[in-house]
Amino acid sequence: MNINQKCINELRLMSASVISNAKSGHTGSSVGAVPILFSLFKDHYFFSPTDSEFFARDRLVVSAGHISALYYCLLNLFEMGVSDEDLAKFRKLGSKTPGHPEYGKTKFVEVSTGPLGQGVANAVGMAIGQTMVAARYNAQKANIIDNYTYCFCGDGCLQEGVAMEACSLAGTLNLKKLILLYDSNNITIDGKVELANTEDIAKKFKAMNWNVIKVRNGNNYSCCTRAIARAKRANKPTIIIFNTTIGYGTSYAGTEKIHGIPLSDKELIEYKNDLLMPNFTKFSKEVKDYCFRSIRYNKIALEKWNRMYCLYGQTHPELCRQFEAFIDEKEIDILKLIKSDVLKEDMSGREANQLILKELMAKLPRFMGGTADLASSAKAYVKDAGDYSAKNRKGRNIHFGIREHAMGAICNGISLYLESPVFCSTFMSFVNYMLPPMRMSALMNVPVFYEFTHDSYKIGQDGPTHQPVEQLGQMRLIPNLNVYRPADTNELLHCYKMAFSNDSPSAFALSRQTLKNVTHGAKNILKGGYILSSNSKSDVALLASGSEVETALQVAQLLKEQGIKADVCSFPCLEVFDKQPPAYKNSVLNNAKVRVVIEASNDTTWYKYLTPNDLVLGINTFGESATKEELDRFYNFSPALITKKIKNLLKK
């Protein structure tokens with residue numbers, strides 16, 4: 001048995017053993033895909049053995065995250081931060097080796113994966129980020145940013161719409177340093193791929209402007225490593241189709257039965273015998289020594305890069321200074337950074353947001369983003385920033401096309417690569433297309449700004465398909481996602497301040513209709529909820545967000561005319577408000593006898609602030625195609641009708 005085959009067999013047995021020890025895991029692809037990833041790690045993967053955050057490193061995204069056991073075994077074999085003890089704790093509570101790879105828990109894990117297809121789109125985002133940084137800071141004979149983005153995926157990943165959306169965009173953008181390692185074993189959980197998918201993947205990717213390489217024997221180390229080398233020379237993004245056998249060498253090989261099960265003790269013994277290693281318990285010294293050559297090669301490559309970077313600093317000092325400032329961007333104070341008198345005018349949320357984006361792009365080199373074919377309507381677009389394309393890598397407006405699902409996942413990848421907030425935008429009624437990537441942003445603590453315009457029924461005649469009702473509640477249910485719904489331009493600016501003050505993702509709900517500036521001079525906006533207008537011993541407190549704050553102020557005036565005192569409390573971000581001390585929250589919520597929530601949504605989150613004697617006035621049905629004024633009456637949401645309801649409540 002030659003040394004490469006011995007490495008492959010030991011990786012197979014170690015992966016199977018780790019899974020069997022945990023009595024849980026996915027043996028099938030973890031043993032079937034070994035030659036692919038072993039070839040990558042041994043011959044092609046550029047990383048710093050001592051620094052998992054080295055900026056110029058290759059990125060590897062394991063989109064098919066169920067092969068985590070193999071992934072961890074490779075990290076262990078190549079001395080990349082996973083110990084023998086970590087392998088023994090595979091899938092155990094609190095371990096560095098969870099069931100699917102998790103960003104932030106394990107070194108060299110670039111992104112959390114598990115929901116199939118998401119990782120493919122993440123990798124596209126990372127490849128976009130690489131081209132942007134390279135275009136700005138590389139110099140002649142000094143390609144300081146020249147890394148590849150590799151993505152391991154399986155049959156399931158490429159059946160997901162998010163993956164194909166992202167791959168279509170990657171072909172259009174000609175991301176030539178993106179390499180997709182496709183483990184084509186022709187098996188999914190239910191059986192043969194042909195049960196649901198008979199398309200020609202090679203032709204499909206060629207049609208999307210990808211380079212296609214086929215490896216008929218994905219079990220052959222030499223074939224695998226040569227294919228990856230060819231892909232690295234291509235002038236297009238490349239998919240390598242490796243024909244493999246799921247559960248290679250086991251008694252379940254080639255069947256769906258092995259996808260998500262561990263081998264029993266007896267089956268594991270048989271597997272060791274079949275691979276001619278009956279006494280295998282851990283990686284042999286011979287295999288470790290052989291793989292250490294790759295670690296040593298990476299150390300030499302890193303030293304070469306460091307010498308190049310030193311020369312770069314001497315020959316291009318200003319460019320070097322800019323690059324270092326770029327990768328070490330300081331924390332910013334948005335309220336000091338943006339001082340625009342224009343923001344004092346009455347305008348829609350989307351218009352105010354566009355002005356803020358313009359300021360941010362002018363002053364923050366890493367900040368960028370785009371829309372799902374809605375630049376002219378969502379207005380999340382900055383004319384002076386240029387359009388990112390295959391011909392203009394320095395552009396900072398990305399045209400994602402009508403691909404909301406991929407847009408969110410791609411932005412996760414860009415943000416992870418740039419280590420910076422990025423934004424993406426569409427209509428709020430399309431939130432449902434983007435919940436999976438939003439959830440992954442929140443899970444990983446990635447600061448993507450999701451900017452949703454047309455935030456209520458008040459958009460009018462486009463009808464119920466475009467009038468959000470349940471979306472605010474859906475977003476507020478996602479842990480670690482701050483949802484901002486500003487009442488005017490002043491609150492929007494403060495919402496950006498809150499968003500930049502933490503590393504978690506943010507969702508902005510922005511109006512299409514003009515909002516009056518009603519909060520200038522208000523205190524405590526940064527606490528997420530505050531009293532905007534108060535009286536001593538008020539009869540009622542009106543709790544509102546977004547455009548309904550103006551409505552609440554109108555209601556308060558109508559109540560005042562009838563001798564009823566009303567406080568108006570604005571809540572631009574419930575998540576931030578919830579983190580305030582109890583005393584402060586009580587001072588906002590308990591300043592009146594009765595509380596009434598006014599919000600154009602059906603979000604039940606508000607009930608945690610209320611008693612049975614209080615009232616939520618929301619929207620609990622889909623709308624109609626009509627004008628804003630007609631819909632106010634349709635929903636019983638005009639100031640006069642709301643005032644009447646509150647008077648009836650107070651009579652009880």
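Position 1 is the first residue of the sequence, and the numbers go up from there.
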If we ignore hydrogens and angles and just use 3.5 Å, is the side chain of [X] paired with the main-chain N or O of [Y] as donor and acceptor?
{"X": "S112", "Y": "M444", "value": "no"}
{"X": "R439", "Y": "P436", "value": "no"}
{"X": "R512", "Y": "I459", "value": "yes"}
{"X": "K105", "Y": "S95", "value": "no"}
{"X": "N397", "Y": "G386", "value": "yes"}
{"X": "E470", "Y": "D603", "value": "no"}
{"X": "T489", "Y": "L343", "value": "yes"}
{"X": "E404", "Y": "V431", "value": "no"}
{"X": "E110", "Y": "Y103", "value": "no"}
{"X": "Q354", "Y": "Y381", "value": "yes"}

Pick out which of D567, N535, N586 makes a side-chain hydrogen bond (donor to acceptor under 3.5 Å, both in side chains) with N591.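 Answer to the side-chain hydrogen bond (donor to acceptor under 3.5 Å, both in side chains) test with N591 among D567, N535, N586: D567.
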Distance check, rounded to the nearest 0.5 Å: C573 atom SG versus N482 atom CG?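 Going from the SG atom of C573 to the CG atom of N482 covers 4.5 Å.
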Look at the aromatic rings of F500 and F449 and report parallel, tilted or perpendicular, splitting at 30° and 60°.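 F500 and F449: perpendicular rings.
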Determine the interplanar angle of the F430 and H466 rings, folded into 0 to 90°, and report it as parallel if under 30°, tilted if 30 to 60°, perpendicular if over 60°.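 It falls in the perpendicular class, over 60°.
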List the steps and the verdict of side chain to side chain contact (heavy atoms under 4.5 Å, CB included) for D373 and F400. CA-CA 7 Å; D373 197 54; F400 289 101; over 6 Å; no
Between K565 and K560, does the side chain to side chain contact (heavy atoms under 4.5 Å, CB included) criterion hold? Intermediate values first, please. CA-CA 6 Å; K565 294 180 180 180; K560 181 180 179 181; over 6 Å; no
Would you call K379-E451 a salt bridge at under 4.0 Å N-O?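 Salt bridge between K379 and E451, a charged N being under 4.0 Å from a carboxylate O: no.
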Excluding sequence neighbours, so at least two apart, what forms side chain to side chain contact (heavy atoms under 4.5 Å, CB included) with [X]?
{"X": "K358", "result": "V382, D384"}
{"X": "P468", "result": "M428, S429, Q471"}
{"X": "T621", "result": "F634, Y635"}
{"X": "L515", "result": "S511, Q513, S547"}

Does a side-chain heavy-atom distance below 4.5 Å link [X] with [Y]?
{"X": "R476", "Y": "E575", "result": "yes"}
{"X": "D578", "Y": "K608", "result": "yes"}
{"X": "L589", "Y": "Y584", "result": "no"}
{"X": "N490", "Y": "I525", "result": "yes"}
{"X": "E548", "Y": "K458", "result": "yes"}
{"X": "C151", "Y": "M126", "result": "no"}
{"X": "K497", "Y": "L526", "result": "yes"}
{"X": "V540", "Y": "K593", "result": "no"}

Neighbour count >12 (heavy atoms, 6.0 Å) for atom CG, L195: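 Enclosed: over 12 neighbouring heavy atoms sit under 6.0 Å from CG of L195.
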Within a reach of under 6.0 Å around NZ of K363, are more than 12 heavy atoms found that belong to other residues, nucleotides or ligands?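 Result for NZ/K363: enclosed.
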Which residue pairs pass the salt bridge (Lys or Arg N to Asp or Glu O under 4.0 Å) test when at least one of the two sits in residues 162-172, sequence neighbours left out?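 Listed by first then second residue: nothing to list.
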With salt bridge (Lys or Arg N to Asp or Glu O under 4.0 Å) as the rule and sequence neighbours excluded, what pairs involving residues 627-643 come up?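 Checked against salt bridge (Lys or Arg N to Asp or Glu O under 4.0 Å) - neighbours excluded - the pairs reaching residues 627-643 are K628-D632.
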Do Y496 and F508 pass the ring-ring contact (aromatic ring centres under 6.0 Å, His included) test, and can you show the C-alpha distance, the side-chain angles, and the key distance before you say yes or no? CA-CA 9 Å; Y496 267 101; F508 292 80; 4.7 Å; yes
Test side-chain hydrogen bond (donor to acceptor under 3.5 Å, both in side chains) applied to [X] - qualifying residues, sequence neighbours left out:
{"X": "R595", "answer": "N590, D614"}
{"X": "S545", "answer": "R485, E599"}
{"X": "N480", "answer": "N445"}
{"X": "K336", "answer": "none"}

Is it true that [Y] and [X] share a donor-acceptor pair across their side chains at a distance under 3.5 Å?
{"X": "E351", "Y": "S348", "value": "yes"}
{"X": "E491", "Y": "H520", "value": "no"}
{"X": "R91", "Y": "S24", "value": "yes"}
{"X": "S389", "Y": "D387", "value": "no"}
{"X": "T188", "Y": "D190", "value": "no"}

Non-hydrogen atoms of [X] and [Y] that approach each other most closely:
{"X": "V616", "Y": "L610", "value": "CG2-CD1, 3.3 Å"}
{"X": "T106", "Y": "P98", "value": "OG1-CD, 4.1 Å"}
{"X": "M475", "Y": "A507", "value": "SD-CB, 3.7 Å"}

Walk me through whether M434 and F452 qualify under side chain to side chain contact (heavy atoms under 4.5 Å, CB included). CA-CA 11 Å; M434 300 184 66; F452 300 109; 3.8 Å; yes
Give the C-alpha distance, both sets of side-chain angles, the deciding distance and a yes or no for side chain to side chain contact (heavy atoms under 4.5 Å, CB included) between L357 and F367. CA-CA 9 Å; L357 291 178; F367 193 66; 3.6 Å; yes
Give the intermediate values and the outcome of ring-ring contact (aromatic ring centres under 6.0 Å, His included) for residues F427 and H454. CA-CA 6 Å; F427 293 168; H454 299 58; 4.0 Å; yes
Please list, one pair per line, the donor and acceptor atoms closer than 3.5 Å that link side chains of residues 409-422 to other protein atoms, with sequence neighbours excluded.
{"from": "N412", "atom 1": "OD1", "to": "S441", "atom 2": "OG", "distance (Å)": "2.4"}
{"from": "N412", "atom 1": "ND2", "to": "P437", "atom 2": "O", "distance (Å)": "3.1"}
{"from": "N412", "atom 1": "ND2", "to": "S441", "atom 2": "OG", "distance (Å)": "3.3"}
{"from": "S415", "atom 1": "OG", "to": "S420", "atom 2": "O", "distance (Å)": "2.7"}
{"from": "Y417", "atom 1": "OH", "to": "N147", "atom 2": "OD1", "distance (Å)": "2.7"}

Do any side-chain atoms of residues 642-649 form donor-acceptor pairs under 3.5 angstrom with protein atoms, and if so which ones, sequence neighbours left out?
{"from": "T643", "atom 1": "OG1", "to": "P639", "atom 2": "O", "distance (Å)": "2.7"}
{"from": "K647", "atom 1": "NZ", "to": "Q562", "atom 2": "OE1", "distance (Å)": "2.5"}
{"from": "N648", "atom 1": "ND2", "to": "K644", "atom 2": "O", "distance (Å)": "3.4"}

